[in-house]
Structure formats: C-alpha cells, structure tokens
Amino acid sequence: MESDPQTLPAVIAAESPARPPRRRSRFKETGLLGVMLALGLMLSIFGGSLQVRDRDTGETRTVNKFLRADNLDKLAKNTSFFAIMAIGATFVIITGGIDLSVGSIYCLAAVCGAMFLNHFGPRGAGAGASPVWVVPMAILICLGVGTLCGLLNSVGVVWLRVHPFVITLGTMAIFRGVAFVMTKAQAFTHFPAEFTDGLIRYKVAWGGANLFPVPLAIMIGVTLLAAWYLRRAVTGRHVFAVGGNEQASLFSGLPVSAVKLKVYAFSGLTAGIAAMIMLGYYGSASSDAGKGYELDVIAAAVVGGASLAGGRGTALGALLGALIIQMINNGIVILNIDQNYSQIIIGTVIVLAVLLDRVNSVFREKRLSRAAQLVKESRNEEASESKS
Amino acid sequence: MHAARHHETHARGLRQTAAAGCGLVDSRRQEQAAPAIAFRNVSKRFPGVVALHGVSFEVRTGSCHALMGENGAGKSTLGKILAGIYQPDGGHIESDGVPRRFRSPLEARQAGVGIVHQELALCPNLSVAENLCLSALPRRGVVVDREGLLTQAKRFLNEVGADCDPEDELGALSTGQTQLIQIAAALATGARILVMDEPTSSLSLAEARRLEQLIAQLRQRGTTILYVSHRMEEIFRSCDTVTVLRDGGHVATMPLEQTNPDDLVRMMIGRSLAQFFPAHAAHAAGPERLRVEGFSSPGKFRDVSFSLRAGEVLGLAGLVGSGRSEVALGIFGLDPAATGRVFVENQPARIRNPREAMSLGIGLVGEDRKRQGMVPEMSCGENVTLASLHCPGGRGVWGRFVHCPLCARKAECLRIWDFIRLRSERQWVAKFFQLLRVRAASPDVSAVTLSGGNQQKLILARCLARNCRILILDEPTRGVDVGAKAEIHRFIDELASAGHAILMISSELPEVLNLSTRVLVMRNGRVAGILDRSEATQEKVMQLMAGRNGASQASPATQLAQLAIA
C-alpha cells in the first residue's frame with residue numbers, strides 16, 4: 001500500500017521527507033526599527049548640543065543633546081512603564097480583546113505597595129522592620145494586586161460574557177475608586193531606602209552622569225520573556241489562535257476560556273510590574289497615578305503592530321511602539337517645540353503608524369499571492385507532466 | 001481583431017441554434033437584437049495573479065447563461081466586473097451593443113445590472129422592507145414613509161414570491177429567504193441583467209427548487225441571467241447556454257443541449273472525470289468506535305441512535321434544518337442541552353466540550369470553513385498543528401511538567417513542558433502536507449492564501465495530527481473545486497480503509513451515496529431511517545428525507561417527495 005494512511009504514529013514513523021524547508025525569518029519589526037533609528041538620527045542631528053560641566057574635573061564639555069547618557073537613560077526609564085504595560089496590552093489585543101483598566105490597575109497596585117512601604121518606611125509605624133522581607137513583600141504586593149485585578153477583569157469577560165471593552169471600562173473606574181478611598185486622596189511617601197535607592201533606583205555613575213539601569217533591565221527582561229513565550233509556548237500559540245478565530249479554536253479543542261483568563265491576568269501583572277518600578281523610582285504614589293495611561297499603552301501596542309481585530313502583535317513591537325512614542329515626547333523637549341503641540345504630534349504619529357502598517361501588509365499580500373502563483377504554475381506543470 | 005470577428009460570427013451561429021433548440025419565442029428577433037452583455041477581451045490582474053486574460057463571449061438577452069469553471073478559474077471575478085465591483089485591466093463590456101465602463105456598483109446598477117452575492121450583501125440588522133428600498137427609501141419630508149415602504153416592499157416580495165413579513169429583521173430569516181430577498185432587492189433597483197454568484201451554495205434542496213422556478217419566471221419576463229455555479233444538475237435544469245473558463249481563460253461557449261456533464265467537467269479541468277473519481281473501495285467494518293443512544297436536544301433533534309464502526313463511512317443525509325449538523329455538534333460537546341448516551345470505544349462518555357471530545361479521539365471538520373476552521377492570521381503549518389499542542393501523556397502538573405522529559409509518548413507530542421518543539425512541528429507539518437498533498441508555497445504562508453480545497457485539507461490534517469480516530473466531516477467538499485473534491489473523496493475512502501470511523505454529513509446526495517457504507521437519513525430532527533449501501537438509492541434517500549407520506553409534511557417536503565417520485 002503505497003499511501004498507507006494515516007494514523008499519527010504511522011505518519012510520524014514514516015520516512016521523514018527531505019529536511020523540511022527552513023522557516024523563513026519571522027522578524028516583523030523591521031519597519032518599526034527603521035522608524036526608531038530614523039527618529040534617533042534626526043534627534044541627534046537636529047537636537048543640537050549642550051555644554052555640561054564635568055562634576056569631577058570641573059571642565060565643560062560639549063555633548064549632543066539627545067545622544068547623551070542621562071537623556072537616553074531618562075528615555076529608557078520613561079519608556080519602561082509604558083513598554084511593560086503595552087506588552088500586557090498586546091497579549092490582550094492579540095486575543096481580540098482590550099484592557100482599558102491598565103492605568104487604574106497600575107494606580108491601585110502602586111497605592112497598595114505605597115501604603116505598605118510607607119508603613120514600614122522610616123516614618124511609618126512599622127519602621128525598623130527587616131528589609132529582607134519588607135522589600136520582597138512590597139514587590140509581591142504590587143505584582144499580586146495587579147494580577148488579581150487582571151483576574152477580576154477576566155472573570156467578567158469569560159464567565160459573565162460581557163464585552164471586554166465594557167468590563168474594563170467599568171473596572172477602570174472601580175479600581176481607581178478603590179485606590180482613592182484607600183488613600184483618602186493622600187500621597188504616600190517615605191519608603192525604605194532599600195526598596196528605592198537600593199533596588200529600583202540603583203545608581204551607576206558613568207560618563208559623568210548617574211544612570212538607573214534597573215527599569216531598563218526589567219523592561220528588557222519582560223520583553224524577551226514575552227517574545228519567547230509568544231513565539232514558542234503552547235499558550236502563546238493559543239493566544240494567537242483565539243484572537244485569529246475564536247470559534248475555530250473552540251472547534252480545535254483549545255482551552256479558550258483559560259487562554260483569556262491568562263491574558264487578562266498577565267495584563268494586570270504587567271501593570272503591577274510597572275507600578276513597582278514607578279514606586280521605587282519616584283518614591284511616592286497617590287490615587288492620581290497613571291491617569292490616562294490606558295490610552296498611551298494601547299497606542300504603544302497599536303503603533304507596535306498589534307491588530308485590534310485580533311490575531312496579530314508582537315512583544316518587541318510593543319516595546320518599540322512605546323519607545324517611539326517616548327522618543328517623540330523627548331524630541332519635543334529637545335527640539336524646543338511648544339509643549340502644547342505634543343498631543344497633536346503624537347496623535348498624528350499613531351495614525352501614521354497604523355497606515356504604514358496597512359501599506360506594509362498590502363505588500364506582504366502581494367508577496368504571498370506571487371508565491372501562490374508560483375505554486376499554481378508548478379501544479380500546472382505537474383498536471384501536464386502526468387498527462388504526457 | 002480578426003479572431004474577435006470570427007468569434008462573433010461563431011457566437012451568432014450558436015445563438016441561433018440555442019434559440020431554436022430551446023424553442024424560445026421568435027428566434028429571428030433574438031438574433032437581430034444586440035446581446036444583453038458582451039465581454040470583449042476582458043482581462044483582470046490581481047497582484048501576482050492573472051485572474052482573467054482576454055475573455056470574450058456574449059450573453060443573449062433573456063437567456064440564463066451559466067458560467068462554469070473550477071475555483072480560481074475567474075468566474076466570480078467576471079461576475080464582479082460585470083457588476084462594477086472590479087474594473088477590468090483590459091478589454092471592455094458591451095451592454096446592448098454599447099461599450100460600457102462600470103466604475104462602481106452604482107453605475108452598473110444604473111445600467112440595469114444587479115448582483116446576487118455568494119455571501120450576504122444586505123444589512124442583517126434592518127428589516128426586510130428597509131433592505132429592499134434602501135437605495136430609495138420612500139419618505140415624507142425627512143421621515144420615512146412607513147406605509148409607502150411596506151406597500152412597496154410587499155410588491156417587490158410578491159414579484160419573487162417570497163412569503164415573509166416585510167417588517168421582519170433580515171438577520172432572522174433563513175438563508176433561502178435572504179437569497180430571495182437579495183434577488184428582490186436587485187430587481188427593485190430595476191435590474192434587467194442579474195449576476196447570480198453561486199446562489200444555491202447554502203440553500204436546501206427545496207429552496208434551490210424555489211429559486212429555479214423564480215429563474216424561469218424572470219426569464220419569461222425578459223431578464224437576462226448570468227449564473228455562476230458549480231452544480232451541474234441545476235445548470236442543466238435552469239440554463240440554456242454555458243461558458244466554461246479555465247485558469248482565467250475562455251474555453252468554450254455553447255448551448256447546453258450540445259454538451260453533457262462529462263464534457264463540461266473535462267473542459268473545466270482539462271482532463272477527464274474518470275481519472276478523478278476512483279471507484280469506492282468496500283471496507284470490512286471493524287470494532288465499534290462510537291455509539292449514540294437516545295440522543296436528544298430540545299428543539300433540535302430527538303431520540304437519535306446509531307453506531308459507527310471502524311472502517312465505516314456513515315453518511316448523514318437530510319434537508320438543511322433536519323438536525324444533521326446539530327447532532328454532530330452535540331456529539332462534539334458543543335450543545336449543553338443535549339441528553340442521551342454516547343459510547344466511545346464501548347466506554348460511556350460524557351462529552352461537555354470539544355476539548356474532551358478531542359481527547360477521546362473525536363475530530364470535527366465544521367461545515368463553515370471560514371468561521372469554524374481556519375485561523376486566518378496563522379500560517380498553514382500552525383493551522384495544522386493547532387489541535388496537537390496538547391500533552392498526550394500524564395495529566396496535571398506532574399504529568400505535564402515534571403514527568404515531561406521522561407514521557408513515553410514523546411513521538412506523538414509536540415511539546416516539552418509548555419513549549420513547542422518547533423523543529424518537530426515543522427517535520428509533522430511537512431509530513432501531513434505530503435500525505436494530503438496540500439499545495440502551498442510553503443508551510444509559512446498565511447492559510448487564507450490557499451484555495452478552498454487546500455484549506456479543507458489543512459483542517460482534515462489538523463484532526464489527523466491530533467490522532468482522531470472518529471472523524472465527523474460536515475460538508476467536507478462545500479465550496480471546493482472538482483479536482484480537490486475528488487482528492488478529498490479519496491482521502492475519506494483511504495481513511496476509512498485505514499480503520500478510521502467517519503461520520504460524513506453532506507447535502508450532495510451523489511457524494512453521500514458514493515462514499516458511504518451506510519446512509520443515515522434525518523428528517524425533522526429524527527432518524528428517518530438507516531440504509532445499507534446496497535439498498536441506498538437516490539429515490540429511497542430522498543423519500544426518507546422528505547417523508548414518504550407527503551400529506552403529513554410541510555410544503556417543501558411535499559414538493560420534494562413529488563420530485564423524488566417523478
């Protein structure tokens with residue numbers, strides 16, 4: 001039996017075809033990287049330079065306004081909050097959902113962490129407690145509160161079957177309200193130095209400037225993990241499948257509800273991570289924290305190539321999206337553009353980015369149909385061969 | 001130029017014979033009148049694909065002109081060019097002898113061309129009446145004139161003989177009714193030329209018959225119809241002339257009585273049919289794989305019992321709405337209201353969701369490939385392995401995580417802990433591509449770029465990759481071209497002989513009769529009978545589908561019964 005079918009073990013045991021063709025590169029962020037480099041180049045050239053006095057020697061040096069260590073460090077720090085949350089948002093958006101509550105989760109997680117840290121801080125009632133458990137506890141509280149809020153969202157989406165837009169619109173108000181009530185509209189400061197200066201605000205002196213590498217490191221870590229997870233993990237694949245076609249995923253026996261549960265929880269977790277960085281970096285939090293962040297985060301994800309229709313998006317894209325938006329913010333300062341125009345500029349960039357993405361996908365389709373044509377031709381050849 | 005003239009004279013000759021053959025009124029007048037539509041050297045390129053090159057033929061006024069060809073032959077493209085949805089890259093269209101260029105559907109409509117789409121092109125959220133009069137809502141000042149709207153809509157509905165309330169929301173109607181309403185909407189805009197793009201692909205038999213009558217009526221009134229379809233039977237019943245396209249080129253235009261189905265298929269695929277449809281192999285039935293007893297779901301089906309053995313193809317026939325697909329979904333765990341007993345490999349099974357069904361080895365290839373099958377954003381390869389990323393080994397944290405590297409079932413597993421082994425995945429995909437002869441540029445291209453037949457193979461491969469031994473195939477060859485259809489038929493046959501148990505639902509009786517070991521006929525949610533291959537004939541199955549006792553059945557059923565006897 002030449003084509004003896006077809007049970008799986010039989011197929012798998014069968015002679016392997018000549019090495020399967022190599023996977024073509026799936027790097028989709030070339031365009032974004034290009035935009036980022038172009039923006040960087042532009043800012044370095046047109047940003048002009050600046051006189052700085054070296055703190056040790058007292059000499060003045062001329063440095064590029066954009067390409068100098070502390071500016072880049074500030075850029076990285078500003079990006080880190082949004083990038084991390086944008087990665088969470090990207091997961092949600094890939095499944096075809098949306099999470100409007102990230103800003104509020106960020107705020108609630110920050111406020112909970114802040115109250116805890118304030119209590120055990122130098123001026124709090126629990127002063128003098130060992131940092132060995134206070135610091136990990138604080139981190140756990142931020143991440144835990146974030147995840148819990150995310151889980152609440154997913155309960156609404158999965159079990160109550162309410163559209164995620166509505167659920168997260170509701171929880172956006174609820175979480176912020178809870179934060180407001182908890183804090184009685186006060187700001188919390190005076191955290192243990194082991195958490196702020198000792199951890200998140202860990203300083204490295206380099207090139208005459210103080211750099212804070214921890215937020216950057218966390219951001220890169222989260223991005224790499226998320227990128228790897230999306231590409232290689234079974235759940236990552238399921239995330240794409242659910243977003244691409246939920247019913248087909250159901251018919252293929254995928255745990256659709258569990259996948260959704262996970263992405264909303266993850267989105268909450270990323271908000272918790274961002275809250276933790278913010279607490280450590282700024283050393284204070286109030287119920288106003290993160291107001292309006294949800295839109296910045298979604299904008300970053302969308303600029304990064306996530307499709308609001310679901311099924312498309314990457315972690316690296318989210319990072320680059322957040323970075324590009326922050327670079328524009330940064331550029332507005334460096335180029336001395338009137339601050340009042342910043343919103344107009346950023347709004348324009350978002351629209352342009354999405355347009356660019358669409359043009360790109362048109363090109364991709366052209367490439368694909370060309371490939372399809374090749375297949376068709378080879379099929380015709382086959383047919384004519386078999387005829388003769 | 002010379003070729004075109006030659007073609008014209010040729011076409012005129014054909015027209016003459018066609019008119020004479022059909023016994024149409026006054027063939028002389030027909031001959032002199034300019035054709036309702038003439039395609040002159042029409043070409044259309046899509047990025048990377050030439051959909052049409054130099055297609056020329058004429059459509060006589062008042063004729064029903066069939067347009068045939070495999071999927072991708074360019075039929076729909078041609079229809080869409082006529083309806084102004086696409087613009088030709090070369091050549092032009094003549095309407096009543098006048099060269100025309102339709103730059104938008106609106107211009108085509110103004111010239112009297114209406115299109116009835118394969119997919120619905122109306123607003124499901126509006127009422128029937130509003131849909132019918134959408135382009136010119138009768139109004140009093142700024143307000144819609146309710147009364148006028150209803151009377152107008154009723155007139156349009158009467159014209160096509162649709163018996164539905166004009167105030168019903170369109171989305172609530174059956175596919176057949178919406179199809180009629182689409183035609184009514186096209187006529188409402190004053191269409192003299194109707195393009196019907198596979199109008200019966202989602203209709204039940206009775207609804208298709210209704211459409212046939214309507215086409216006859218329309219022709220009597222002098223409407224010209226360009227009828228795009230795969231279905232030989234209805235073309236021979238409704239149409240008088242046929243044009244065959246292959247790979248974007250014009251093959252032939254001829255009166256239908258000068259040809260026969262075999263010739264047409266040969267022209268469509270460029271080869272003869274015998275090469276395509278192998279004889280069905282009889283298989284020895286093996287042990288029982290699936291048994292269903294007293295399976296019921298309120299409002300959908302009642303008391304369905306059958307058993308399915310290895311090596312068997314159980315054909316499930318019935319009219320649309322008889323509960324065929326619902327039973328399949330019920331077995332697959334997608335109907336929470338379903339009650340009754342299901343035994344898989346003689347073990348009682350409670351299947352609450354597709355996940356559990358698949359872990360018992362039941363796979364379902366849904367009837368709607370786009371909605372229930374493909375994940376368009378994912379590559380072909382990823383679509384194949386989508387269902388196989390589970391852990392076949394142990395359950396729980398221990399089995400999935402701790403024990404994983406030591407698992408004995410590694411050969412049928414694509415993961416290590418929670419991660420996909422990408423290289424094994426690619427090997428699997430390559431094997432299944434080879435096995436099912438999936439034609440794709442590469443496993444990495446997006447699944448939407450494949451033809452319908454290849455997409456169907458991908459979904460079949462998905463079930464096989466999951467090692468499903470019980471396959472439920474719901475309309476496995478819907479919207480698939482002739483070549484791929486034959487291939488899928490052969491796969492079904494081979495799978496059965498390899499010991500799979502197959503439950504095949506199909507609206508195409510020849511398919512059911514040709515492939516099935518036994519045929520289960522459903523009527524009104526009940527099992528009307530189970531016939532053995534030897535006793536299953538078209539007449540018997542149709543009688544069971546429609547109900548032997550015509551008087552006790554609903555009107556479409558009566559019609560069918562009469563038809564089956566006739």
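Everything numeric in this text was worked out from a predicted model, so none of it was measured. Each chain gets a letter, A, B and so on, in the order its sequence line appears, and its residues count up from 1.
Annotation: the span from M378(B) atom CE to S249(A) atom OG amounts to 7.5 Å, rounded to 0.5 Å. Expressed to the nearest 0.5 Å, how far CD of E377(B) lies from CZ of R312(A) amounts to 5.5 Å. For the atom pair CG (D418(B)) and CZ (R232(A)), the distance works out to 11.0 Å, reported to the nearest 0.5 Å. Here the NE2-NE2 distance, from H390(B) to H238(A), works out to 10.0 Å after rounding to the nearest 0.5 Å.
Heavy atoms only, all atoms of each residue included: G244(A) and P376(B) are closest at O-CD, 3.6 Å. The heavy-atom pair separating A248(A) from G373(B) by the smallest distance is CB-O, 3.1 Å. Looking at every heavy atom in both residues, S252(A) comes nearest to M358(B) through O-SD, 3.1 Å.
Between chain B and the options V234(A), T235(A), L254(A), V242(A), heavy-atom pairs under 4.5 Å are most frequent for V234(A). Among I420(B), I459(B), V375(B), the residue with the largest count of heavy-atom pairs under 4.5 Å with chain A is I420(B). Chosen from N353(B), L386(B), V365(B), the residue pairing most often with chain A at heavy-atom distances under 4.5 Å is L386(B).
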Would you be so kind as to tabulate the donor-acceptor pairs closer than 3.5 Å made by side chains of residues 159-167 of chain A, with sequence neighbours excluded?
unit_1  : atom_1 : unit_2  : atom_2 : d
H163(A) : ND1    : F165(A) : N      : 3.0

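Residue R371(B) touches chain A through both its backbone and its side chain, counting heavy-atom pairs closer than 4.5 Å. The contact between T385(B) and chain A is made entirely by side chain atoms (from C-beta outward), counting heavy-atom distances below 4.5 Å.
Inter-residue side-chain proximity for R237(A) and E425(B) is flagged as met; some heavy-atom pair is nearer than 4.5 Å. Residues L329(B) and F251(A) have side chains in contact (heavy-atom distance under 4.5 Å, counting atoms from C-beta outward).
Annotation: side chain to side chain contact (heavy atoms under 4.5 Å, CB included) contacts of L250(A) (sequence neighbours excluded): V256(A), L334(B), P354(B).
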